[in-house]
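A quick write-up on the structure given underneath.
Note that ligands are numbered from 1 as they come in the structure, with each ligand's atoms numbered from 1 the same way. Just so we're clear, the structure is a prediction, and the values are computed from it rather than from any experiment. One is the number of the first residue; the rest follow in order along the sequence.
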Amino acid sequence: MGAGQLTIDLEAIAANWAALDAMSGAGTETAAVIKADAYGLSAAKVGPRMVAAGVQSFFVATAGEGRALRPHVGDADIYVFSGHMEGDRTALESAGLIPLLNSPEQVTRHFSTLAGHPFGVQLDTGMNRLGMEAGDWHALSSELMSAGPRLVMSHLACADEPEHPMNATQLRNFREMTDGIAHRRSLAATGGTLLGPEYHFEMTRPGIGLYGGAPFTQATPVARLDLPVIQTRIVRPFETVGYGNTWQANVESCIATVAAGYADGLIRAMGPKAKLFAGDTPCPVAGRVSMDLITVDVTHLAEVPDHLTILGPLQGVDALADAAGTIGYEILTSLGTRYERQYR
Ligand SMILES: *Cc1c(COP(=O)(O)O)cnc(C)c1O
């Protein structure tokens, strides 16, 4: 088979959700963030498995994502982080999506074009990315509260660093803005869920932890990626491999060329720090990662297998991300469409 094989373990995703759900105590619902096509792993596959696991609320980035998700999650709630943008009305209405209103402008748009349609409110508690500012919130909160938001939420900027003082600052801001309201609240994504119960409120909304990434370091791995070896060759001392001649043989070497490259999310920056595995044996990348191909030094192997593993038990998404100077989120969402995908 000419394409890399991407194996996605839906049971592991369900187990990770259950583990995060167990951390959120009674009285706290555990939702699932499934934006960017479930972090690149397919919302159409992950959604139904999450519903079967007991998820009642999903979060997506845009109304378009919500509309695409609707057929896969029955009548579960679907919240939209970007809120109610111009032109969203039909998608919000036809797919029964819940926009998280982010600004006075969005409040006006929602109440004038979709009065009576469910909504939530996203507050800015310090990240300065999305959400209503405290001043606007205070001016609008009685109007918003009487219309009955389904959820009032905010997002933490530094939750993957438990000791960061920003966490307590944002918690205090969120409480100051919302204590005493009669509506459900949510502050924690994966990192916030791990910070402990004071961050949980009525709902947690993990994303990356479901898909096996940090900061949920105890997560069950979800993705495995095996790349077929197209060709192997002997390279003599002083010969070079790949673009720019950046790798040169010191001794007679065996180079395997595998079928995947930066167009498949195996970004060029990972270069020589990334390893591919022949079973348990690590093999270094030799030279530059190309668009569709990676060359690998397999000189030390007694036998070259028909595929090498780049994501698996010995090198997970976070280890691969480290090699590339990025985060697991970016590795997963960059995987692309050329792999043969197998779900189990
Ligand atoms: C992406 C996102 C999440 C999920 O974050 P993870 O770190 O993947 O758990 C939750 N809330 C908001 C507002 C987000 O943008």
How are the rings of Phe111 and Phe119 set to each other: parallel, tilted or perpendicular (split at 30° and 60°)? perpendicular
Which part of Phe59 is near ligand 1, with near meaning a heavy atom under 4.0 Å away: side chain, backbone, both or neither? neither
Identity and separation of the nearest protein heavy atom to atom 9 (O) of ligand 1: Thr190 OG1, 2.5 Å
Evaluate Asp226 against Thr309 for side chain to side chain donor-acceptor pair (under 3.5 Å), listing each step before the verdict. CA-CA 4 Å; Asp226 297 303; Thr309 304; 2.7 Å; yes
Could you tell me whether Arg49 and Asp9 have a side-chain N and a carboxylate O separated by less than 4.0 Å? no
Residue Gly207 vicinity, atoms of ligand 1 by number, heavy atom under 4.0 Å: 4 (C), 6 (P), 8 (O), 9 (O)
So is Gly191 touching ligand 1 or not, going by heavy atoms under 4.0 Å? no
Close approach, Arg129 and ligand 1, non-hydrogen under 4.0 angstrom: yes
heavy-atom search around atom 13 (C) of ligand 1 in the protein gives Phe81 CE2, 3.4 Å
Nearest protein heavy atom to atom 7 (O) of ligand 1, by residue and atom, and its distance? Tyr329 OH, 2.7 Å
Side chain, backbone, both or neither: which part of Arg205 comes within less than 4.0 Å of ligand 1 when only heavy atoms are counted? both
Hey, what do you get for CZ (Arg224) to CD1 (Ile310), rounding to the nearest 0.5 Å? 12.5 Å
To which protein heavy atom is atom 4 (C) of ligand 1 closest, and what is the distance rounded to 0.1 Å? Tyr39 OH, 3.4 Å
Parallel, tilted or perpendicular: rings of Phe59 and Tyr79 (30°, 60°): parallel
Shared hydrophobic cluster, Met132 / Leu130 (ILVMFWY, side-chain heavy atoms < 4.5 Å): no
Can you sort out which atoms of ligand 1 are near Pro206, meaning under 4.0 Å from one of its heavy atoms? 9 (O)
Pair Arg109 + Asp88: basic N to acidic O under 4.0 Å: no
Note: Ile208, heavy atoms under 4.0 Å from ligand 1, region reported as both
Report whether Met177 and Leu187 are members of the same hydrophobic cluster (ILVMFWY, side-chain heavy atoms less than 4.5 Å apart, transitive linking). yes
Quick check: Ala189 and ligand 1, any N/O pair under 3.5 Å apart? no
Return the CG to CD distance between Leu225 and Gln315, rounded to the nearest 0.5 Å. 10.0 Å
Residue and atom name of the nearest protein heavy atom (relative to atom 3 (C) of ligand 1), distance in Å to one decimal: Lys35 NZ, 3.7 Å
